[in-house]
Amino acid sequence: MKSHLTSEEISAAVAGLEIDAPARDHLEGCVVCRAEAADLERLIAIRRRELRTEAPDWDVQTRQIMDRLPAAAGKDARRHRRWLRPVLALAAVLVLAVGLGILRSGGSAGPPAPEPSVEDILAEMDELLSDDSIPGFEIIDPWIDDHTMDFGYIEPTPSESVG
Amino acid sequence: MARNGDRDAFSELVGRHQRRVWMVCRQYVGADEADAVAQDSLVKAYTSLGSFDSRSAFTTWLTRIAINTCLDALRRARREGLRVIAAGADGAVADVVDDDIDPEKRSIQRQAVDRLRECEAKLPERQREIFRLRFYAEMDLDEIAAALSVHVGTVKTQLHRAVHRLRRELGDVR
Ligand SMILES: [Zn+2]
């Protein structure tokens with residue numbers, strides 16, 4: 001049977017890291033090594049309980065968070081609309097240009113339909129944008145917008161970046 | 001999706017994750033600030049939900065937001081010249097030592113926990129961070145690696161060093 005674990009092995013066991021099979025078997029059967037590992041584990045458990053006593057009232061915290069949500073979402077929506085409108089205006093002009101091109105090249109057999117004006121399309125877009133429930137505006141991450149990834153920040157992984 | 005539906009679903013998410021978020025924040029900012037920073041983190045998560053990639057774990061994504069919010073709060077406090085209370089070094093702590101032991105041992109245990117807090121505060125920053133996320137926020141090694149954007153091998157090495165150093169410095173605490 002393996003002799004007592006080295007101090008390094010005890011530390012690895014406390015940290016929850018893999019130790020080799022003989023060391024693991026020894027630890028299971030040895031009161032001395034187990035007690036040594038348990039010393040720090042016990043203190044950590046007490047410290048964790050101490051920290052938990054500082055926790056806020058969870059129901060109050062939930063209410064306070066929920067109370068803050070509409071304002072936060074509204075701010076983002078307004079910010080989003082600032083750049084979204086010119087983009088939509090450009091898109092509307094392109095749609096018109098393509099539509100006129102098709103009509104002039106004789107692509108339509110029936111009588112020509114009345115052409116929607118850029119203003120009509122933008123008015124429709126504004127109406128859509130005034131509805132906070134439309135999907136899309138929430139894809140903008142105001143937080144990434146507001147902060148440069150300076151020292152100390154965790155770079156978002158590519159799969160988590162805004163896109 | 002109806003706005004109310006979003007809110008109800010998010011309220012449920014808050015209920016499920018607020019303890020972890022608070023405990024993570026508590027490891028970076030003092031007890032007085034942890035609640036406010038945890039709330040900021042969850043509000044940010046709500047406004048950033050669209051950027052969440054469902055292929056990654058929601059808890060990891062949320063933990064990253066919480067950690068960045070804490071670092072942001074700490075930087076802002078430093079910029080504004082505010083005193084930054086080292087997390088874990090706050091004065092008063094609740095007396096939660098084991099009560100099934102005699103008074104003398106209780107007192108020894110109390111002192112040992114105080115020494116743990118002191119030694120922990122002296123750990124190199126990365127070791128301290130990983131130690132606290134592992135044992136107090138109860139995150140597993142892969143979660144810590146993902147939340148800190150480091151390799152899991154780094155987490156293991158740093159955690160082992162932290163535990164070993166604490167055990168050496170604390171000595172016999174029985
Ligand atoms: Zn042994």
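Per chain, numbering begins at 1; letters A, B, ... match sequence-line order.
In this structure, the side chain of Arg48(A) engages the main chain of Phe135(B) through a donor-acceptor pair within 3.5 Å. A donor-acceptor contact shorter than 3.5 Å is absent between the side chain of Arg47(A) and the backbone of Leu116(B). The backbone N or O of Ser7(A) lies less than 3.5 Å from a partner atom in the side chain of Arg167(B), making a donor-acceptor pair. Distance alone, capped at 3.5 Å, is enough to place a donor-acceptor pair between the Gln18(B) side chain and the Trp58(A) backbone.
Heavy atoms closer than 4.5 Å to chain A are found in both the backbone and the side chain of Arg19(B). Proximity to chain B (any heavy atom under 4.5 Å) is shown, for Arg63(A), by neither the backbone nor the side chain. Neither the backbone nor the side chain of Glu41(A) comes within less than 4.5 Å of any heavy atom of chain B.
Residue pairs satisfying the ring pair (Phe, Tyr, Trp, His ring centres under 6.0 Å) criterion with at least one member in residues 2-25 of chain A, sequence neighbours excluded, are listed as follows: His4(A)-His26(A).
Residues of residues 152-161 of chain B that come within less than 4.5 angstrom of chain A, heavy atom to heavy atom, are Lys156(B), Leu159(B), His160(B) in numerical order.
Arg68(A) places a side-chain heavy atom less than 4.5 Å from the side chain of Asp40(B). A heavy-atom distance below 4.5 Å is found between the side chains of Arg117(B) and Glu50(A). Counting only heavy atoms from C-beta outward, the side chains of His164(B) and Ile10(A) never approach each other to under 4.5 Å. No side-chain heavy atom of Leu170(B) sits less than 4.5 Å from a side-chain heavy atom of Asp39(A).
In the displayed structure, Glu125(B) atom CD is contacted under 6.0 Å by at most 12 heavy atoms of other residues, nucleotides or ligands. By the 6.0 Å contact criterion, CD on Glu33(B) is open, its count of non-hydrogen atoms from other residues, nucleotides or ligands being 12 or less.
A pairwise comparison of heavy atoms in Phe10(B) and Ile65(A) identifies CE2-CG2, 4.2 Å as the closest pair.
Here CD of Glu54(A) is found 4.0 Å from CZ of Arg26(B). Values are rounded to the nearest 0.5 Å. For the atom pair Arg165(B) CZ and Ser11(A) OG, the distance stands at 13.0 Å (nearest 0.5 Å). Distance check, rounded to the nearest 0.5 Å: CG of Leu69(A) to CZ of Arg7(B) gives 5.0 Å. Between atom CG of residue Asp67(A) and atom CD of residue Gln39(B) there is a gap of 9.5 Å, rounded to the nearest 0.5 Å. Remark: Leu141(B) CG to Glu18(A) CD distance equals 8.0 Å, nearest 0.5 Å. For the atom pair CD of Gln27(B) and CG of Leu51(A), the computed distance is 5.5 Å after rounding to the nearest 0.5 Å.
Taking chain A as the reference chain and counting heavy-atom pairs below 4.5 Å, the highest number among Leu166(B), Val14(B), Asp140(B), Val163(B) is found for Val163(B). Annotation: maximal heavy-atom pairing with chain B below 4.5 Å, among Glu8(A), Arg52(A), Gln64(A), occurs at Glu8(A).
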Test Phe131(B) against Ile44(A) for side chain to side chain contact (heavy atoms under 4.5 Å, CB included), laying out the working first. CA-CA 10 Å; Phe131(B) 177 86; Ile44(A) 290 170; 3.7 Å; yes

